[in-house]
Amino acid sequence: MAYPVLNEAEISKSFESAKAFYGEFGVDVDSALEKLSGLEVSMHCWQGDDVGGFESQGELSGGIMATGGFPGKARNADELRQDIDKAMSLIPGPRRLNLHAIYLENGGKQVDRDEVGIEHFSNWMDWAKANKVKLDFNPTFFSHPKSESGFTLSSADDGIRKFWIEHGKRCRKIALEFAKELGGPSVINFWVPDGAKDLPADRWAPRQRLAESYDEIFSEKIGDSVKDAVEGKLFGIGSEEYVAGSNEFYLAYSLTRKILPCLDMGHYHPTETIHDKVSAIMTFAPEALIHVSRPIRWDSDHVVIFNDDLMSLARELVRGDALDRVYLATDFFDASINRIGAWVVGIRALKKALLFAMLEPVSMLKQLESEGRGAERLAMMEETKSMPYGAVWNYFCMMHETPAGSAWLNELRNYETSVLNNR
């Protein structure tokens, strides 16, 4: 089976028709394409190997769980970079990658988390320069003997806290080198799995220690090219009852310390969505990091798809003219399907949702609302759902020399046959 390939003439003809259609509603399609062409989405490296990393062969811990066993998982950094290259070739637009500290290359030597340095990411740096990819970073506070208690930066053990504080400090310096060498900024996101499975006797002390640990990590001023962010969570596996770094804790911490709050689409109650939180939080926060994920019943990090939650988020960012104030990063992993396919499906869906939102007649919608024409506003919101944004998306893909429509699946299948099945 081969998926249909649209020729450039067909794509251009459909685009011109769609452009004229949108023009009737005052939408500048060329401006939307220009904005989307400059918008970076940070692709997460951990989809390619199920959050394994290259530090050791230990088991995942800290509430992290990958399910499935699709053939062809990247076994080393070279294979992971090869898979990332393939995925990025199928995703239109600028390239950005989000690394975790466990994706270091240590040359076979034991390098503990409090010893990690930029020298352990020299191959990633060379690859990024060669491929014009910018790099973001994450300290790794899970899957380590010193996180087995369930507490890291909030641990009651001074030695444990000191170890993880040093890890955080070193990771910030790595992000600083990424920013310097690759033309920053580099976003570094802090998430810890700290919490309790059942009712704790003391909810206060771990949070006090957590705040003090972060204060020490962030005490060194390293410039605006590193964007520090902190990520809250509702619960995790092993921290069902109590999470020290809850969403409320990190919101308060980020606002008082003037760093970025990270809003993860899966880190709230099952019926909560983040699109309404964006305008509320960013009334006070100049910038924010958004982790784009898809929860199903819990924080399950399913592959992002073009669904209502994603479209609602994109609309809010566009309607609020907030795209230059947020850093978008994907965060999901599925080991049950082709891992490269998961990357491409998720990031293309996010970019498609952003384009969809950019093509809405926002000025018209706001005018109708200000005039009290609620029925007309609601009707126009519904009409946008059947407007020909797909034709503009295909043109955007062609602009960036990536396959339009479903044609990218032909390359995915060929890569699976020639590369993944031979691992």
Is a side-chain donor or acceptor of [X] paired with a backbone partner of [Y] at a separation under 3.5 angstrom?
X      : Y      : result
Asp136 : Val187 : yes
Glu115 : Asp112 : yes
His120 : Gly117 : yes
Thr402 : Cys397 : yes
Arg170 : Asp114 : yes
Arg319 : Ala314 : no
Lys351 : Pro92  : yes
Ser155 : Thr152 : no
Asp49  : Gly53  : yes
Arg203 : Val243 : no

Using only heavy-atom distances, determine whether the side chains of [X] and [Y] contain a donor-acceptor pair under 3.5 Å.
X      : Y      : answer
Asp334 : Ser336 : yes
His302 : Ser300 : yes
Asp202 : Tyr242 : no
Glu287 : Tyr327 : yes
Asp83  : Tyr415 : yes

Flag the pair [X] / [Y] as yes when at least one side-chain heavy-atom distance between them is below 4.5 Å, and no otherwise.
X      : Y      : value
Leu97  : Phe178 : no
Tyr22  : Pro361 : no
Asp308 : Met311 : yes
Lys73  : Arg423 : no
Trp343 : Leu90  : no
Phe15  : Phe396 : no
Leu39  : Leu354 : yes
Val133 : Met88  : yes

Please give me the minimum heavy-atom distance between [X] and [Y], naming the atom from each residue.
X      : Y      : value
Arg207 : Ala244 : NE-O, 3.0 Å
Val292 : Leu328 : CG2-CD2, 4.4 Å
Val278 : Leu313 : CG2-CD1, 4.0 Å
Asn338 : Gly341 : OD1-N, 3.0 Å
Arg172 : Glu220 : NH1-O, 2.9 Å

So does [X] pair up with [Y], basic N to acidic O under 4.0 Å?
X      : Y      : value
Asp30  : Lys19  : yes
Glu181 : Lys134 : no
Glu360 : Arg315 : yes

Before giving the answer on side-chain contact (heavy atoms from CB on, under 4.5 Å), spell out for Met265 and Asp309 the whole-Å C-alpha distance, their side-chain angles and the decisive distance to 0.1 Å.
CA-CA 9 Å; Met265 294 179 73; Asp309 287 349; 4.1 Å; yes
Using the side chain to side chain donor-acceptor pair (under 3.5 Å) definition, which of the options [options] pairs with [X]?
X      : options                       : value
Lys233 : Asp299, Asn247, Asp194        : Asp299
Ser293 : Asp301, Asp331, Thr330        : Asp301
Thr140 : Glu55, Arg113, His100, His167 : His100

Quick note, ring pair (Phe, Tyr, Trp, His ring centres under 6.0 Å) partners involving residues 268-287, not counting sequence neighbours, are none
Please indicate whether [X] has more than 12 foreign heavy atoms, meaning atoms of other residues, nucleotides or ligands, lying under 6.0 Å from its [atom1].
X      : atom1 : answer
Lys129 : NZ    : yes
Glu241 : CD    : yes
Lys169 : NZ    : yes
Asp321 : CG    : no
Asp224 : CG    : no

*Apply the test ring-ring contact (aromatic ring centres under 6.0 Å, His included) to residues Phe249 and Tyr214: give CA-CA distance (whole Å), side-chain angles for both, the deciding distance (0.1 Å), then the verdict.*
CA-CA 12 Å; Phe249 174 91; Tyr214 276 122; 7.2 Å; no
Would the [X] and [Y] ring centres measure less than 6.0 Å apart?
X      : Y      : answer
Trp191 : Phe141 : no
Tyr389 : Phe306 : yes
Phe121 : Phe137 : yes
His144 : Phe163 : yes

Salt bridge (Lys or Arg N to Asp or Glu O under 4.0 Å) filter on Arg413, not counting sequence neighbours, yields none
Only one of Phe332, Tyr103, Phe333 passes ring-ring contact (aromatic ring centres under 6.0 Å, His included) with His44, and that residue is Phe332
